[in-house]
Amino acid sequence: MTDGAILVVGGSGGLGQAICRRLLDDWNALVFSYHSNVAAAAGLRDELAGRGEVRALRADIRQDKDVEAAISAADAMAGGLKGVVFTAGANILQPYVSQMSQETWDNSIDIELRGFTRLVRLVLPVLRKRGGGVFVSVVSFANYWFPPGDAISGVPKAGIEMLTRAIAKEEGRFGLRANSVAPGVIDAGLGKTVMEKTQPAAFWREHQKRIPLRRYGRAEDVAEAVNFLASSRSAYITGQTIIVDGGLSL
């Protein structure tokens with residue numbers, strides 16, 4: 001077990017829940033934040049309670065005070081804050097660029113890109129104080145293989161991925177590693193919603209044939225990659241992106 005606490009920002013979603021479950025195999029303390037899904041957060045907290053020290057905190061990533069509260073809660077647990085996972089995201093589908101309003105753009109960028117910059121600004125001093133740690137951001141494979149309609153997700157996540165690389169380059173001297181995980185088409189969380197609401201089932205059956213592994217991803221596939229990058233098993237890896245897409249971007 002890692003001697004320290006890890007903070008998962010956006011832990012109540014489909015991917016976030018799977019990430020929290022997997023992280024508790026290697027970490028003995030975990031704080032996860034959620035925004036509006038109270039029932040999902042409470043259920044996950046109760047499920048994980050017997051496996052380690054776990055807290056769920058309601059937080060708006062757009063507010064400094066909420067982010068500071070989540071960071072402080074994690075830093076007060078089990079030897080202090082040693083890891084951060086950012087998997088928060090806006091509730092969006094897949095409109096084309098020509099169909100998006102400024103409000104749609106602003107909402108996605110505020111929650112994802114600006115939210116991430118806020119987290120980074122507030123958490124770096126804490127991780128430096130603890131002598132370093134790990135940072136993992138969940139981004140998108142759209143930056144490597146663009147599916148039409150995915151700009152609303154891919155654009156802010158491209159910024160998140162770049163900032164993660166900047167953290168790796170600039171903060172390595174303080175003992176901090178930073179990496180990203182880029183999911184492909186995942187049959188969980190927002191990915192599952194997109195599959196159910198944007199195209200008929202026949203479209204997705206045909207689309208699946210384009211994936212070398214011939215299946216859509218599971219939340220657990222993403223969680224496994226995140227957990228690896230958050231663990232000592234990846235001790236000499238930083239500034240990298242693991243693409244978890246079954247080979248679709250090849």
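Not measured: the values here are computed from a predicted model.
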In Å, rounded to the nearest 0.5 Å, how long is the span from CG of Leu48 to CD of Glu53? 13.0 Å

Would you compute the distance between atom CG of Asn179 and atom CZ of Phe228 and round it to the nearest 0.5 angstrom? 8.5 Å

State, to 0.1 Å, how close [X] and [Y] come at their nearest heavy-atom pair, and which atoms those are.
| X | Y | value |
| --- | --- | --- |
| Pro156 | Leu113 | O-CD1, 3.9 Å |
| Ala182 | Thr241 | CB-CG2, 3.8 Å |
| Ala78 | Ala29 | CB-CB, 3.4 Å |
| Leu15 | Pro183 | CD1-CG, 4.3 Å |
| Ala219 | Gly14 | CB-O, 3.8 Å |
| Ala142 | Asp150 | CB-OD2, 3.3 Å |

Side chain proximity check, [X] to [Y], heavy atoms < 4.5 angstrom:
| X | Y | answer |
| --- | --- | --- |
| Leu119 | Phe86 | yes |
| Arg214 | Ile211 | no |
| Arg58 | His35 | no |
| Val85 | Val9 | no |
| Met77 | Val31 | yes |
| Leu81 | Leu127 | yes |
| Val139 | Val181 | no |

Does a side chain donor of either Ser153 or Ser140 reach within less than 3.5 Å of an acceptor in the other side chain? no

For a quick check under 3.5 Å, do Ser234 and Arg177 share a side-chain donor-acceptor pair by atom type? yes

For the residue pair Tyr216 and His207, categorise the inter-ring angle as parallel (less than 30°), tilted (30 to 60°) or perpendicular (more than 60°). parallel

What orientation do Phe32 and Tyr34 show, parallel under 30°, tilted 30 to 60°, or perpendicular over 60°? tilted

Would you call [X]-[Y] a salt bridge at under 4.0 Å N-O?
| X | Y | result |
| --- | --- | --- |
| Arg215 | Asp187 | no |
| Lys157 | Glu112 | yes |
| Arg21 | Glu220 | no |
| Asp3 | Lys82 | no |
| Lys129 | Asp75 | yes |
| Arg118 | Asp66 | no |

Cation-pi check for Phe174 against Arg128: NZ or CZ below 6.0 Å from the six-membered ring centre and within 45 degrees of the axis, yes or no? yes

In Val123, Ile71, Val134, the residue satisfying side-chain contact (heavy atoms from CB on, under 4.5 Å) with Val84 is Val123

More than 12 non-hydrogen atoms from neighbouring residues, nucleotides or ligands closer than 6.0 Å to [atom1] on [X], yes or no?
| X | atom1 | result |
| --- | --- | --- |
| Tyr96 | OH | no |
| Lys169 | NZ | no |
| Arg55 | CZ | no |
| Gln99 | CD | yes |

Run Phe146 and Phe141 through ring pair (Phe, Tyr, Trp, His ring centres under 6.0 Å) and show every step you take. CA-CA 8 Å; Phe146 181 74; Phe141 85 129; 9.4 Å; no

Salt bridge (charged side-chain N to carboxylate O under 4.0 Å, His left out), that's the test. Do Lys65 and Asp60 meet it? Break it down for me. CA-CA 9 Å; Lys65 62 180 178 60; Asp60 186 341; over 6 Å; no

